[in-house]
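Presented below is the structure to which this report refers.
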Amino acid sequence: MTTPATRVAGTVPVAEAAVPDDFEGQYVRTLVDRWDELIDWDRRKASEQDFFVELLNGAEARRVLDVAAGTGYHSVALAQQGFDVTATDGSAEMIEQTRRNAERRGQSFRVLQADWRSLREHIDGRYDAIVCLGSSFPHLFQEADRRAVLSEFYEALNPGGILIVDHRNFDAIRRHRYQSTGNYYYCGTGATVTVAHVDEQLCRFQYDFPDGSTHHLEVYPILSDELSSLLIEAGFDTIQNFGDFQESFDIDEVDFVIHVARKP
Ligand code: SAM
């Protein structure tokens, strides 16, 4: 078995310069089927412990919208802690897996397919908190989309509500100074994750599974300050950053950056 390690393999030219905006097309059934293997729910829980629960409790949040539910890890975990959860995701394959995982774990909450760009057409009312986790936000390649989606999130929050949004540490990845520990978020020990390509516009991750199969995910390598600025421009007034769940961190050392933004 290999330990998951993300390393920069050098800048390999991308075959086509076209920017991939089709996030749904990237989450093919065969990758979705392996997502829980990539995560390893038990190891993920052990690494993040109650970080998100404490943030949500600190904000007195009760009604929580998980907009990038994926296979349902955070939705299920938060429902188990008593939050009133709604799980959404733009991928039909992913959202189906959320339903299955919730049922398997005896949890019942609203689950629906919704693209962030039209989020409020799908949801009901406002929320005390929105979580967008697992480095999902970098699926937006266009700056106009990033701004529009942050506005959607902002409008979907109650006053005083919080948005928790994270991303892999692209500051380090873009400087080719990245080595993932495999300790956070994607904690499975089966697959090897490498960075096959990175430039200022595109990062392509390569997932190699023990059976010889390979998948790629392409995302926009957003910088931490870039997202902080967009959050302020979207109207959020307090932004707090964490690195690998720690308040004090070195941007060269962490795997993930987590932004907590408050709507005034
Ligand atoms: N949060 C989950 C986790 O941590 O395991 C899944 C993370 S996965 C990297 C990114 C998720 O974001 C996918 O499930 C994908 O379908 C979703 N996503 C990407 N772009 C989206 C969009 N525009 N609207 C809704 N969901 C989107």
Side-chain angles (χ1 to χ4, degrees), residues 4 6 19-45 47-48 51-52 64-79 85-102 111-123 130-153 156 163-168 170 180 182-188 191 193 203-207 215-222 245 255-258:
T6 301
V19 173
D21 239 351
D22 173 24
F23 71 91
E24 249 210 291
Q26 299 206 63
Y27 289 97
V28 292
R29 182 80 249 165
T30 42
L31 179 58
V32 172
D33 282 346
R34 312 203 80 156
W35 201 257
D36 288 332
E37 193 184 318
L38 275 177
I39 291 175
D40 190 328
W41 286 42
D42 292 337
R43 282 171 58 97
R44 189 167 179 173
K45 168 73 188 153
S47 85
E48 70 179 44
F51 177 81
F52 295 109
V64 179
L65 178 63
D66 179 1
V67 288
T71 55
Y73 172 79
H74 281 112
S75 294
V76 168
L78 296 176
V85 173
T86 298
T88 70
D89 195 287
S91 155
E93 301 278 10
M94 280 294 205
I95 214 68
E96 202 40 52
Q97 193 61 33
T98 289
R99 283 201 184 91
R100 277 196 286 272
N101 280 335
V111 179
L112 40 115
Q113 186 181 358
D115 191 305
W116 305 327
R117 288 165 282 206
S118 55
L119 184 67
R120 280 172 306 147
E121 289 173 21
H122 302 275
I123 58 170
I130 295 178
V131 296
C132 182
L133 302 174
S135 202
S136 300
F137 191 75
H139 277 291
L140 297 170
F141 278 89
Q142 312 299 333
E143 182 168 335
D145 277 349
R146 292 191 284 277
R147 288 182 186 280
V149 164
L150 290 181
S151 289
E152 283 289 311
F153 292 170
L163 167 65
I164 311 176
V165 52
D166 66 11
H167 51 82
R168 283 191 188 263
F170 293 108
S180 170
N183 290 337
Y184 308 102
Y185 290 87
Y186 299 105
C187 304
V193 187
C203 181
R204 176 191 286 155
F205 291 102
Q206 179 167 326
Y207 298 78
H215 285 277
H216 292 99
L217 276 184
E218 296 186 335
V219 294
Y220 170 72
I222 195 163
F245 313 126
D255 292 355
F256 286 85
V257 180
I258 302 145

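In listed order, ligands and their atoms are each counted from 1.
Judged by distance alone, the side chain of R168 and the main-chain N or O of D255 form no donor-acceptor pair under 3.5 Å. Checking side-chain atoms of Q97 against main-chain N and O of D33 turns up no donor-acceptor pair under 3.5 Å. Under a 3.5 Å cut-off, the side chain of Q113 and the backbone N or O of G90 do form a donor-acceptor pair.
Scanning the protein for heavy atoms near atom 23 (N) of ligand 1, the closest one is D115 OD1, 3.3 Å. Protein heavy atom nearest atom 11 (C) of ligand 1, with residue, atom name and distance: S136 OG, 3.5 Å. Of the protein's heavy atoms, A68 O, 2.6 Å lies nearest to atom 1 (N) of ligand 1. Ranking protein heavy atoms by distance to atom 16 (O) of ligand 1, first place goes to D89 OD1, 2.6 Å. Among all protein heavy atoms, the one lying closest to atom 24 (N) of ligand 1 is W116 N, 3.0 Å. Scanning the protein for heavy atoms near atom 8 (S) of ligand 1, the closest one is Y27 OH, 3.2 Å. From the protein, the heavy atom lying nearest to atom 5 (O) of ligand 1 is W35 NE1, 3.0 Å.
In terms of polar-atom proximity, H139 is not counted as a contact of ligand 1, lacking any N or O under 3.5 Å from an N or O of the ligand. Not a single N or O atom of S135, backbone or side chain, sits closer than 3.5 Å to an N or O atom of ligand 1. Not a single N or O atom of M94, backbone or side chain, sits closer than 3.5 Å to an N or O atom of ligand 1. Geometrically, ligand 1 and F23 share no nitrogen or oxygen pair separated by less than 3.5 Å.
The closest approach between Y73 and ligand 1 stays at or above 4.0 Å for every heavy atom of the residue. Heavy atoms of A114 come nearer than 4.0 angstrom to ligand 1 in at least one pair. Remark: distances from the non-hydrogen atoms of R44 to ligand 1 include one below 4.0 Å.
The aromatic rings of H74 and F52 sit perpendicular, their planes meeting at an angle over 60°, well past the 30° parallel limit.
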| request: Could you give me the CA-CA distance, side-chain angles and deciding distance for W35 and Y73, then say whether ring-ring contact (aromatic ring centres under 6.0 Å, His included) is met? | output: CA-CA 10 Å; W35 201 257; Y73 172 79; over 10 Å; no

| V149 vs V67, side-chain contact (heavy atoms from CB on, under 4.5 Å): CA-CA, chis, key distance, verdict | CA-CA 11 Å; V149 164; V67 288; over 6 Å; no

| L65 and L119: CA distance, side-chain angles, deciding distance, side-chain contact (heavy atoms from CB on, under 4.5 Å) verdict | CA-CA 11 Å; L65 178 63; L119 184 67; 4.0 Å; yes

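Annotation for ligand 1: atoms under 4.0 Å from non-hydrogen atoms of R117 are 23 (N). Those atoms of ligand 1 that come under 4.0 Å of a heavy atom in G134, given as number and element, are 4 (O), 7 (C), 9 (C). Using a 4.0 Å cut-off to heavy atoms of S91, the atoms of ligand 1 that qualify are 16 (O). Of all atoms in ligand 1, listed by their number and element, those nearer than 4.0 Å to a heavy atom of L133 are 1 (N), 2 (C), 4 (O), 7 (C).
Nearest heavy atoms, F137 versus C132: N-SG, 4.1 Å. The two residues R146 and L140 come nearest to each other via the heavy atoms NH1-O, 3.0 Å. The nearest pair of heavy atoms linking V32 to T71 is O-CG2, 4.3 Å.
Exactly one of Y220, W116, Y27, F205 qualifies for a ring pair (Phe, Tyr, Trp, His ring centres under 6.0 Å) with H139. That residue is Y27.
In this structure, the separation between OG on S135 and CD1 on I258 is 11.0 Å, given to the nearest 0.5 Å.
Among G90, S118, P138, the residue whose heavy atom lies closest to atom 26 (N) of ligand 1 is G90.
Contacts between I39 and ligand 1 below 4.0 angstrom, taking non-hydrogen atoms only, involve the side chain exclusively.
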